[in-house]
Visitor: 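To start, I am sharing the structure in question, which I have written as structure tokens.
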Amino acid sequence: MSGPKIGHLLDEQLLHEKVAAAASTAEFVLEAREVHKRYGGTEVLRGVTFGVHRGDVKAILGPSGSGKSTLLRCLALLEPLDAGEVRLDGRRIGVKEGSGGRVTPLPERILARERSNIGMVFQRFNLFPHLTALGNVMLGLVEVRGRNKAQAHEIASQMLERVGLEERKGFYPSELSGGQQQRVAIARALVMNPKVMLFDEPTSALDPELVGEVLAVMEELAREGMTMVVVTHEMEFARRAADRVLMMDGGVVVEEGSPDDIFLRPQNERTKRFVEALA
Amino acid sequence: MDFRVDIFIEALTNPALHQGVKETILLTIAAMIFGLALGLVVALMRDHSSRFLRGTAWIYVWFFRGVPTLVLLLIVWTGLPQVFPSLSERWFSQFFAASIALSLNEAAYASEIFRGGLLAVDEGQRVAARALGLAPRKVFSKVVLPQVLRVTIPPLSNDLITMLKLTSLAAFISLRELLANTRTVVAGNFRSMEYYLAAAVFYLVMVSILMIVQAWIERRFRWTSQRSQSQTTRDRLVKSLAPIR
């Protein structure tokens, strides 16, 4: 299997941002403060607080039902919060802050613009079946960024090359393997030049032999300095690529630490049991 | 046996029938465009968050699917001008009335088909489109609608064929479409078999054209990179004319 090559993902702008970030240390790119979310009678998120530094990879572990996916959907502004706030580059997003501290949710049209700065990769890829690999990557450039077709074609082709799929760009999703589809999905999110990438169990729907090619792309991204939040059950990936690991259970963060802290010296009882089960 | 081939051929070349075919096609196209557009709107209303819109759409489908098309046609053509005298004016032609009646009827059926198509689109598609930053209109037009069309083309085609044949009901309000013109000729020469058979041939030709168009559109919605592969025009024609499911 030829591993995907990402090459020079760090374009000038990213490099510039990285330098700027180094100057103003300890700034969170993406931050959640006391996020609450309930569906009907159940409170899925019960006050989640965490932040990701620029260029960091944060892995989120937790049993199903612990609220990981809901958290990502809230961070991606796909679900309105019931309480708490999400900040991108220090600026509160998803709501309008009126005079007197009143907050109102933004209309969907404005939310859409804010979402385009946050990349999201889904467990089930969710590629658009009526568009080719190239068409999937071009859509956001044309319809959100307002690029013309020729420019979008050029940029999208380069992005597909970076995930190792340039010779598949004319293929439709149904003609691609799961691993290839997920790489297209990563390219589709990445091409928008997001400030942060969110991954919701990106390898859970893949056949075991296809997991590697997707993780390779993600690790390359991490090395190139992309800020990432990854919900995953891949312990090896978390140990290799994550700067921080966060354990969620019952809608709250129960423990956070370095990969070694979490995997070798877990403090929390729930984390201990979960890590043992993963190993 | 009284069947004269020469009169049958004469019927096939009769200008009055050709004129009727033209009118039938125009009526079909008008009712198709407005019927499908309105049907899509009603379908979107059926699952709208507003209770009022949902209720209105439900009543719409209940009414226009339940009332026979011919009754609807007579209500629009003779009933409405009675209540609203301004509709007695010239612009309110038979063609106009028939287009409205058939559109209203077609929209009721099409909305149920579109609704099924809308429900068939995976929720993850909308989520992914929103996550990408697409505005609501573009989520619908660029991501949802193409996928709705793909699954609705076969049932919609079936429906449009039915609608094409229903245009013959407009003969009742003296719209000079194919059936009305055929009847006029038969009233003069009493050659029922030759002329109605000729009319049947014209309907068959029009339906066949719709079927070819359907096959062509279905191919465009196949979403594979192999589309342009060596299928000859003849293959396609044979395939498109195969009996429907």
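The chains referred to below are lettered A, B, ... by the order of the sequence lines, with proteins before strands, and numbering in each begins at 1. Everything quoted here is computed from the prediction, not taken from an experiment.
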Visitor: Under 4.5 Å, counting heavy-atom pairs only, tell me which of A:L111, A:L77, A:L127 racks up the most with chain B.
Guide: A:L127
Visitor: What distance separates B:W223 CH2 from A:T132 OG1, expressed to the nearest 0.5 Å?
Guide: 12.5 Å
Visitor: For atom CZ of A:R147, is the number of surrounding heavy atoms from other residues, nucleotides or ligands below 6.0 Å larger than 12?
Guide: no
Visitor: Using only non-hydrogen atoms and a strict under-4.5 angstrom cutoff, which residues of residues 137-149 of chain B touch chain A?
Guide: B:K138, B:K142, B:V143, B:P146, B:Q147
Visitor: Taking non-hydrogen atoms and a cut-off under 4.5 angstrom, which of residues 67-76 of chain A neighbour chain B?
Guide: A:R73
Visitor: Heavy-atom pairs under 4.5 Å with chain B: which of A:A185, A:S116, A:P129, A:P173 has the most?
Guide: A:P129
Visitor: Taking A:N117, A:L78, A:I118 one by one, which has the highest count of heavy-atom pairs under 4.5 Å against chain B?
Guide: A:L78
Visitor: Could you please state which residues from residues 44-60 of chain B sit under 4.5 angstrom from chain A, measuring non-hydrogen atom to non-hydrogen atom, sorted by number, or 'none'?
Guide: none
Visitor: Rounded to the nearest 0.5 Å, how far does CG of B:L132 lie from CG of A:N126?
Guide: 11.5 Å
Visitor: Might you confirm whether atom CZ of A:R124 has over 12 heavy atoms from other residues, nucleotides or ligands at distances under 6.0 Å?
Guide: no
Visitor: Residue by residue, which of residues 112-123 of chain B have a heavy atom closer than 4.5 Å to a heavy atom belonging to chain A?
Guide: B:D122
Visitor: Search all heavy atoms of B:A131 against all heavy atoms of A:F122 and return the closest pair with its distance.
Guide: CB-CZ, 3.9 Å
Visitor: So which atom in A:A112 and which in B:L134 form the shortest heavy-atom distance, rounded to 0.1 Å?
Guide: CB-O, 3.5 Å
Visitor: For chain B, which candidate among A:R109, A:E108, A:M120, A:E143 shows the most heavy-atom pairs at distances under 4.5 Å?
Guide: A:E143
